[in-house]
Structures are given as structure tokens and as C-alpha cells.
K.L.:
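Please find one structure pasted underneath; my questions will follow.
Hydrogens, waters and symmetry mates are skipped; everything else that's a heavy atom, side chains included, is used.
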Amino acid sequence: NSKPVELMKLIKRIIKYTLYIITATRNSVRHFRVSLNCKKIGKGSRLGARLILSGNHLQIGDHFSCNWDCRIVADNVPIDIGDYVVFGHHVDVAAGPHGYIKIGDRTSIAQFVVLRNCSHEYKDSNRPIQEQGHTSGTIDIGEDCIISTSCVILPNTQLGKGCVIGAGSILSGNYPDYSILMGNPA
């Protein structure tokens, strides 16, 4: 008797996420690849065309707005996106294999920004880098931040509340509240 109940729950979940997509975008559903095992996609969220959402640890707050061609992948590690967060087009957020990524409420991330909480190992010069695995860290972006076009946020980065990041910046490290950062490296 539990199998029909589980099947009904799955069907309701599929319908719920399909309605989110159709309502939010007014585009054809074929432009999306959405994992149905996301922890949460908040109410009032608007999702752009050709969006890829994947991962059972992905949690998106209410009124999230995401432009087209974005990718958010949370494979076995948490990505937590706050309320009223805005993504421009071609934003790429990927977490794995350990650590987490957290984006605070009311943060705006412009187009072509990359957030990665992991990088390749390269300690052994006798082995190809691709065979050496990854190191992971955390990315913690405070609330009400602005991250401008084409920035790269690397592992072990913490931005305080209200930080503003200039276009093309590469960030790694801890930055206090209301920092204004720019450059390569910032």
C-alpha cells in the first residue's frame, strides 16, 4: 500500500516543479533540465531558459530570479541561495566534493560570474593533474552584496555583508562587511 502513496507524492512533486518552471518563465519546458530532488525552490522564483539545476542539497530561497543559461550544481554538498537573490545570465555555481556554498539574501550576481568551492590537486608532478583529485573549501557570501560581471569566486572565500566586487575580479580569502574589491587578484 505504500507504493501508491509514494508514487502519488512523486507525481505531485513533478507537477509542482513543472508549474514553477512554466509559471516563472513563459518559455517551453524543453529548455530546462531540473533535478526533482532539489531540497527547495522558493515561492515566487523566476527561472530563465536553459537553466540547469541539479543536486539533492540545493536550496533556493523565495523570489530568486535567474536569467538564462545558468547552471547550479550541488552534488552531495549544500548550496544555499537566500531570498531575493538575482543571477544574471551565464552564472555558473558548482559545489563539490566537500564544503558548501552560501549566498546571502538580496545579493545580486551579474552575468558570467563563476563560483567554485573546489579546485584540482597538483602536488605530484609525476601524475597527470586530472588523476590527482580535488581540494574543497567553502564560499560564504553575505547578504546584500553585489558581484559584477565576469568575476571568479574561488574556494575558501568569505564576503561580509554589503560587499561590492568590481568587474573581472578574482576572489579568494576573507573580506569584512562593506568591502569594495576589484582586481586580479582582489
Side-chain angles (χ1 to χ4, degrees), residues 32-40 47-60 64 66-82 85-104 107-143 145-186:
F32 298 90
R33 193 172 88 204
V34 176
S35 170
L36 294 176
N37 60 353
C38 294
K39 263 189 179 178
K40 174 188 171 192
L47 308 176
R50 297 178 303 273
L51 170 68
I52 298 173
L53 296 177
S54 177
N56 54 354
H57 290 84
L58 175 58
Q59 185 164 306
I60 297 173
F64 170 66
C66 182
N67 228 311
W68 67 89
D69 287 324
C70 290
R71 184 177 82 108
I72 307 169
V73 179
D75 290 333
N76 300 317
V77 293
I79 293 180
D80 186 4
I81 299 172
V85 171
V86 176
F87 279 12
H89 58 85
H90 292 89
V91 172
D92 192 357
V93 180
H98 306 288
Y100 66 87
I101 295 175
K102 183 175 188 282
I103 301 170
T107 289
S108 296
I109 299 177
Q111 61 272 12
F112 300 107
V113 170
V114 176
L115 283 79
R116 286 279 188 287
N117 82 324
C118 62
S119 59
H120 288 280
E121 289 276 356
Y122 53 91
K123 294 177 182 176
D124 185 352
S125 62
N126 295 317
R127 289 179 49 209
I129 293 172
Q130 291 179 344
E131 294 176 4
Q132 294 187 46
H134 294 87
T135 58
S136 296
T138 61
I139 295 175
D140 195 342
I141 298 172
E143 60 187 53
C145 291
I146 296 175
I147 301 174
S148 300
T149 302
S150 300
C151 289
V152 177
I153 311 294
L154 298 171
N156 300 316
T157 298
Q158 182 174 357
L159 296 177
K161 178 179 180 178
C163 289
V164 177
I165 314 304
S169 297
I170 298 178
L171 295 177
S172 180
N174 296 326
Y175 303 95
D177 292 352
Y178 302 104
S179 294
I180 298 174
L181 306 160
M182 60 189 77
N184 178 0

K.L.:
Could you check Val93, Asp140, Ile141 and say which one makes a side chain to side chain contact (heavy atoms under 4.5 Å, CB included) with Ile101?
P.N.:
Val93
K.L.:
Using 0.5 Å steps for rounding, measure from the NE2 atom of His120 to the OG1 atom of Thr135.
P.N.:
9.5 Å
K.L.:
Does the Thr138 side chain pair with the main chain of Gly99, one donor and one acceptor, at a distance under 3.5 Å?
P.N.:
no
K.L.:
If you look at every heavy atom in His98 and Asn117, which pair is closest and at what distance?
P.N.:
O-ND2, 2.8 Å
K.L.:
Write down the atom of Gly168, the atom of Cys151, and the distance for their closest heavy-atom approach.
P.N.:
N-SG, 3.9 Å
K.L.:
Atom CG of Asn76 and atom NE2 of His57: how far apart are they, to the nearest 0.5 Å?
P.N.:
6.5 Å
K.L.:
Starting at CD of Gln158, measure out to SG of Cys163 and round the result to the nearest 0.5 Å.
P.N.:
9.5 Å
K.L.:
I need the minimum non-hydrogen distance between Ala110 and Ser148, along with the two atoms involved.
P.N.:
CB-C, 3.6 Å
K.L.:
Please verify the inter-ring angle class for Trp68 with His89; under 30° counts as parallel, over 60° as perpendicular, anything in between as tilted.
P.N.:
parallel
K.L.:
Does Thr107 reach the main-chain N or O of Gly142 with its side chain, forming a donor-acceptor pair under 3.5 Å?
P.N.:
yes
K.L.:
Is a salt bridge present between Asp80 and Lys102, judged by a nitrogen-to-oxygen distance below 4.0 Å?
P.N.:
no
K.L.:
Before accepting this row, confirm whether a basic side-chain N of the pair Asp177/Lys161 lies closer than 4.0 Å to the acidic partner's carboxylate O.
P.N.:
no
K.L.:
When Ile170 is tested against each of Leu181, Ile153, Leu154, Ile165 for side chain to side chain contact (heavy atoms under 4.5 Å, CB included), which residue passes?
P.N.:
Leu154
K.L.:
Looking only at heavy atoms, what is the nearest atom pair of Pro97 and His134, with distance?
P.N.:
CD-CB, 4.0 Å
K.L.:
Measure the SG-CZ distance between Cys70 and Phe87 for me, rounded to the nearest 0.5 Å.
P.N.:
7.0 Å
K.L.:
What are the two closest non-hydrogen atoms of Arg71 and Arg116, and how far apart are they?
P.N.:
NH2-NH2, 3.2 Å
K.L.:
Just do the side-chain contact (heavy atoms from CB on, under 4.5 Å) check on Leu51 and Cys66 with the steps written out, would you?
P.N.:
CA-CA 8 Å; Leu51 170 68; Cys66 182; 3.8 Å; yes
K.L.:
Could you grab the distance from atom CD1 of Ile60 to atom CD1 of Ile81, nearest 0.5 Å is fine?
P.N.:
4.5 Å
K.L.:
Closest heavy-atom contact between Gln132 and Lys123?
P.N.:
OE1-N, 3.0 Å
K.L.:
Flag the pair Ile103 / Leu115 as yes when at least one side-chain heavy-atom distance between them is below 4.5 Å, and no otherwise.
P.N.:
yes
K.L.:
For a quick check under 3.5 Å, do Gln111 and Thr149 share a side-chain donor-acceptor pair by atom type?
P.N.:
yes
K.L.:
Please step through side-chain contact (heavy atoms from CB on, under 4.5 Å) for the pair Tyr100 and Val77, ending with a clear verdict.
P.N.:
CA-CA 6 Å; Tyr100 66 87; Val77 293; 5.7 Å; no
